[in-house]
Every structure is written in C-alpha cells, then in structure tokens.
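Counting starts at 1 for both ligands and their atoms, following the listed order.
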Amino acid sequence: MAGQICYCGQLAKVKTLWMDGNPTRRFFGCQSYEENGGCGLFSWLDPPMCERSKNVIPGLLRSIRSMEEAERKANKRERKLRFLLIASWVMFIALWIATSGSEGEKNEM
Ligand SMILES: [Zn+2]
C-alpha cells in the first residue's frame, strides 16, 4: 500500500467508508481532519465498487451486526444462569455448614 502525502505535508491516513453507497471502500484523508478539518485531502485508495457489491455488502454488514447483537444477548442470559447456579451452590454449602455444625455440637455433649 503506497503512502500519500497530504497538502499540509503529513502522511495521509487510510480510512474506510462504511456508508451504504460505498461500503468498505478505503480512501486517503488528512491526519488532522478530526482536530481542525485538515487540508481537505480526499482521494480513493480502492477502485469504485461494482453495483453487485454495493448491493450485497451492506446486507452482509447488517446481518453481521444483528448476529453480534444476538450473541451479546445470549452471553447476558448465560451470565445470569451461571450466577444463579453459583448462588444456589453458595446457599447449599452455607446450609450444609450450618447443619453439620449443629450436629457436631450434639456429638460433643
Ligand atoms: Zn493535511
């Protein structure tokens, strides 16, 4: 990947577009764009997307995002179940210690 120098003399930054019109197409932009708008450099690194990928990629990105969302929800449910399991074990052990403790006292008498 060849570097490009922008109008203010810095090495241009490679950025990726995630918009529906040009998804995942990379371009060179000014490094100081976030700070002060930069020098306005804008030049494409990747060739234009064909109509087919313009139509397909946004759909793929959307399905990846919804899969990640579903996975996040599943993880949350799993954490809750694990917590309930541990909590019930703690209660069980506490109960067991309490009952075996009182039995021990009985044996001493
Ligand atoms: Zn610049």
Side-chain angles (χ1 to χ4, degrees):
M1 196 193 305
Q4 191 170 331
I5 305 296
C6 74
Y7 305 122
C8 40
Q10 304 177 90
L11 193 69
K13 209 171 161 185
V14 175
K15 300 172 186 183
T16 307
L17 268 188
W18 295 99
M19 301 180 321
D20 275 8
N22 268 304
T24 71
R25 194 177 175 195
R26 290 171 304 169
F27 64 97
F28 286 112
C30 183
Q31 268 194 39
S32 27
Y33 178 79
E34 277 87 7
E35 300 148 35
N36 53 23
C39 55
L41 172 82
F42 184 92
S43 74
W44 290 114
L45 171 63
D46 292 327
M49 303 213 102
C50 65
E51 286 304 311
R52 180 82 184 122
S53 9
K54 272 187 198 174
N55 291 330
V56 170
I57 292 178
L60 288 177
L61 289 175
R62 264 191 294 276
S63 57
I64 289 172
R65 267 177 225 136
S66 66
M67 269 163 64
E68 283 172 347
E69 183 61 33
E71 202 179 293
R72 243 195 313 278
K73 277 180 190 161
N75 280 344
K76 219 178 195 175
R77 207 176 306 135
E78 202 184 293
R79 269 202 300 274
K80 206 185 264 175
L81 276 174
R82 202 176 296 149
F83 172 77
L84 282 173
L85 190 74
I86 291 170
S88 64
W89 267 99
V90 167
M91 271 166 63
F92 176 77
I93 290 168
L95 209 71
W96 181 73
I97 289 171
T99 46
S100 68
S102 56
E103 271 169 27
E105 277 165 30
K106 262 182 235 157
N107 289 344
E108 275 166 31
M109 281 167 77

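For residues 88-98, there are no salt bridge (Lys or Arg N to Asp or Glu O under 4.0 Å) pairs, not counting sequence neighbours.
Grouping the Ile, Leu, Val, Met, Phe, Trp and Tyr side chains by contacts below 4.5 angstrom, directly or via other members, places L17 apart from V56.
Residues passing the side chain to side chain contact (heavy atoms under 4.5 Å, CB included) test with S88: none are found, sequence neighbours excluded.
A salt bridge links R26 to D46: one of the charged nitrogens lies within less than 4.0 Å of a carboxylate oxygen.
Here the two rings, on F27 and F42, have centers that are under 6.0 Å apart.
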Please list every donor-acceptor pair under 3.5 Å in which a side-chain atom of residues 69-79 meets a protein atom from a residue at least two apart or in another chain.
from : atom 1 : to  : atom 2 : distance (Å)
E69  : OE1    : R72 : NH2    : 2.8
E78  : OE2    : R82 : NH2    : 2.6

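Note on the Zn ion (ligand 1): protein N, O or S atoms under 2.8 Å away count 4, no waters included.
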